[in-house]
Novice: 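First, the structure itself, so that you have it in front of you.
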Amino acid sequence: MKYFKLNPNVNSKKWRGCIIPRDELIDDGGNVIPVDFLSLIKIPTNKKLFFKKLRDGYFSPISTIGAKYLLFDSKINRINNISGNGVKLIPISNSEKPEKAYLIMYPFECVDCVNWDLSEIDLWPSGYVPKEWESKRGRFFLKPAIHENKIPKHLDAFCLNEWDGAFNIIISERLKNKILSLDFDHSFLEFYELVQT
């Protein structure tokens, strides 16, 4: 099975003029919820979640929250087909216009499968001590390499263990094909095939 790192296509000019959500959520009780792995996994399913805009603009089919998670327009036909096997879709609405809603694509499993010897990483400068929120391995994970035999066969999405960098979302070829079968502008996304050992 092939695996891909899923990212927003930051080189696409189509991002210009899009709404950008703040990197925090607000629940229906007014509580602020940081967008991180531990916070999202603890959200009760009956909670309504809202986002506030960091930047005004038009509602695009794909968006991001911080540098962690991808958002899909909840009105994309058959979007719920991508949930399951490691993926949970968490609904969030615009606090000003609740009819405008996204689904956070939340990969809720972490897998220890990185081949660090073959992975290409942009390391921190010599002597630099990473901040608490920064990855201890390096600034950017340029080209991850993975041990395929360490990935549970049923998983279609997961995060790489020991990597806290941007968009740590790995998907199977099965899930990639499901995403590509949905009716939206796929040029908002990039799929980087991972080296497997």
Side-chain angles (χ1 to χ4, degrees), residues 1-12 14-15 35-41 61-72 76 78-90 102-126 128 130-131 133-197:
M1 165 108 40
K2 293 180 181 177
Y3 292 91
F4 300 83
K5 189 172 184 300
L6 178 61
N7 291 334
N9 180 2
V10 294
N11 295 319
S12 173
K14 293 177 182 176
W15 289 102
V35 181
D36 59 40
F37 190 80
L38 291 176
S39 297
L40 288 181
I41 206 165
I62 303 291
S63 192
T64 64
I65 218 166
K68 293 283 183 189
Y69 297 104
L70 287 171
L71 310 177
F72 288 81
I76 294 173
R78 298 180 296 117
I79 187 62
N80 287 320
N81 287 354
I82 70 170
S83 69
N85 296 333
V87 179
K88 182 178 178 183
L89 295 176
I90 301 173
Y102 279 115
L103 296 167
I104 300 174
M105 180 186 176
Y106 173 51
F108 55 84
E109 299 273 350
C110 278
V111 178
D112 186 7
C113 63
V114 177
N115 182 329
W116 294 105
D117 293 330
L118 295 182
S119 294
E120 190 177 326
I121 301 169
D122 182 10
L123 299 174
W124 294 111
S126 178
Y128 180 80
K131 308 280 190 290
W133 64 87
E134 294 176 322
S135 173
K136 307 307 177 244
R137 293 270 184 182
R139 289 191 290 196
F140 299 105
F141 211 158
L142 301 175
K143 292 182 182 174
I146 57 172
H147 297 287
E148 184 186 0
N149 63 343
K150 293 186 175 183
I151 302 168
K153 297 298 179 200
H154 72 281
L155 276 186
D156 280 330
F158 56 92
C159 299
L160 297 172
N161 198 31
E162 288 190 53
W163 185 255
D164 299 324
F167 299 106
N168 182 358
I169 302 171
I170 308 300
I171 64 169
S172 69
E173 188 171 21
R174 279 188 305 256
L175 184 53
K176 177 188 173 187
N177 290 336
K178 284 183 182 180
I179 292 170
L180 291 176
S181 74
L182 300 174
D183 186 18
F184 70 91
D185 185 348
H186 300 113
S187 68
F188 277 91
L189 296 174
E190 288 182 322
F191 302 88
Y192 292 104
E193 186 173 346
L194 300 186
V195 172
Q196 296 182 38
T197 59

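Just so you know, these numbers come straight off a predicted model, no measurement behind them.
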Novice: Can you check whether Ser172 reaches Leu155 side chain to side chain, under 4.5 Å on heavy atoms?
Specialist: no
Novice: Check whether more than 12 heavy atoms from other residues, nucleotides or ligands sit under 6.0 Å from atom CG of Asp183, and answer yes or no.
Specialist: no
Novice: Which pair of heavy atoms, one from Met105 and one from Ile169, lies closest together, and at what distance?
Specialist: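 Scanning both residues, the minimum pair turns out to be CE-CG2, 4.3 Å.
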Novice: Output the distance between atom SG (Cys159) and atom CD (Glu109), rounded to the nearest 0.5 Å.
Specialist: 9.5 Å
Novice: Could you please spell out the steps behind the side-chain contact (heavy atoms from CB on, under 4.5 Å) verdict for Val114 and Asn161?
Specialist: CA-CA 8 Å; Val114 177; Asn161 198 31; over 6 Å; no
Novice: Would you name the heavy atoms of Ala145 and Ser119 that are closest together and state the gap between them?
Specialist: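 In terms of heavy atoms, the two residues are closest at N-OG, 2.9 Å.
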Novice: A side-chain contact here means heavy atoms from C-beta on lying under 4.5 Å apart; do Phe158 and Cys113 qualify?
Specialist: yes
Novice: Does some side-chain heavy atom of Ile76 sit less than 4.5 Å from a side-chain heavy atom of Leu103?
Specialist: no
Novice: Are the side chains of Val111 and Ile146 in contact, using a 4.5 Å heavy-atom criterion?
Specialist: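 No, too far: nothing below the 4.5 Å cut-off.
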Novice: Report yes if the side chains of Leu71 and Thr64 come closer than 4.5 Å at any heavy-atom pair, otherwise no.
Specialist: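 No, every pair of side-chain atoms sits at 4.5 Å or beyond.
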Novice: Provide the closest heavy-atom pair for Ser83 versus Asn80 in the form atom of the first, atom of the second, distance.
Specialist: OG-O, 3.0 Å
Novice: Going by side chain to side chain contact (heavy atoms under 4.5 Å, CB included), Asn115 matches just one of Gln196, Glu148, His147, Lys150. Which one?
Specialist: His147
Novice: For the rings on His186 and Phe184, is their centre-to-centre separation under 6.0 Å?
Specialist: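 Yes; Phe184 has its ring centre under 6.0 Å from that of His186.
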Novice: Using atom types as modelled and distance alone, determine if a side-chain donor or acceptor of Lys5 lies under 3.5 Å from a backbone N or O of Lys143.
Specialist: no
Novice: Heavy atoms only: give me the nearest Trp15-Ile62 pair and the separation to one decimal.
Specialist: CZ3-O, 3.3 Å
Novice: Rounded to the nearest 0.5 Å, how far apart are CD1 of Ile65 and CD1 of Ile90?
Specialist: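 Here the interatomic distance stands at 10.0 Å.
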Novice: How close do Gly66 and Phe167 get, counting heavy atoms only, and between which atoms?
Specialist: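 Here Gly66 and Phe167 meet closest at O-CZ, 3.9 Å.
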Novice: Any side-chain heavy atom of Ile82 sitting closer than 4.5 Å to one from Ile171?
Specialist: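 Sidechains of Ile171 and Ile82: no contact.
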Novice: Could you grab the distance from atom OH of Tyr3 to atom CD of Glu193, nearest 0.5 Å is fine?
Specialist: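 If I round to the nearest 0.5 Å, the distance is 12.0 Å.
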Novice: How long is the gap from NZ on Lys14 to CG on Asn9, to the nearest 0.5 Å?
Specialist: 9.0 Å
Novice: Judged by atom type as modelled, is there a donor-acceptor pair below 3.5 Å linking the side chain of Asn7 to the main-chain atoms of Glu190?
Specialist: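 A pair under 3.5 Å: no.
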Novice: Quick one: pull up CG in Asn85 and CG in Leu175 and give me the separation to the nearest 0.5 Å.
Specialist: 9.0 Å
Novice: Do Lys176 and Phe4 meet the cation-pi criteria used here (NZ or CZ under 6.0 Å from the six-membered ring centre, within 45° of the axis)?
Specialist: yes
Novice: Taking the side chain as every heavy atom from C-beta outward, state whether Leu40 and Lys88 have any atom pair closer than 4.5 Å.
Specialist: no
Novice: Enter the distance from Tyr102:OH to Leu89:CG here, rounded to the nearest 0.5 Å.
Specialist: 14.5 Å
Novice: Is any side-chain heavy atom of Lys178 closer than 4.5 Å to a side-chain heavy atom of Val87?
Specialist: no
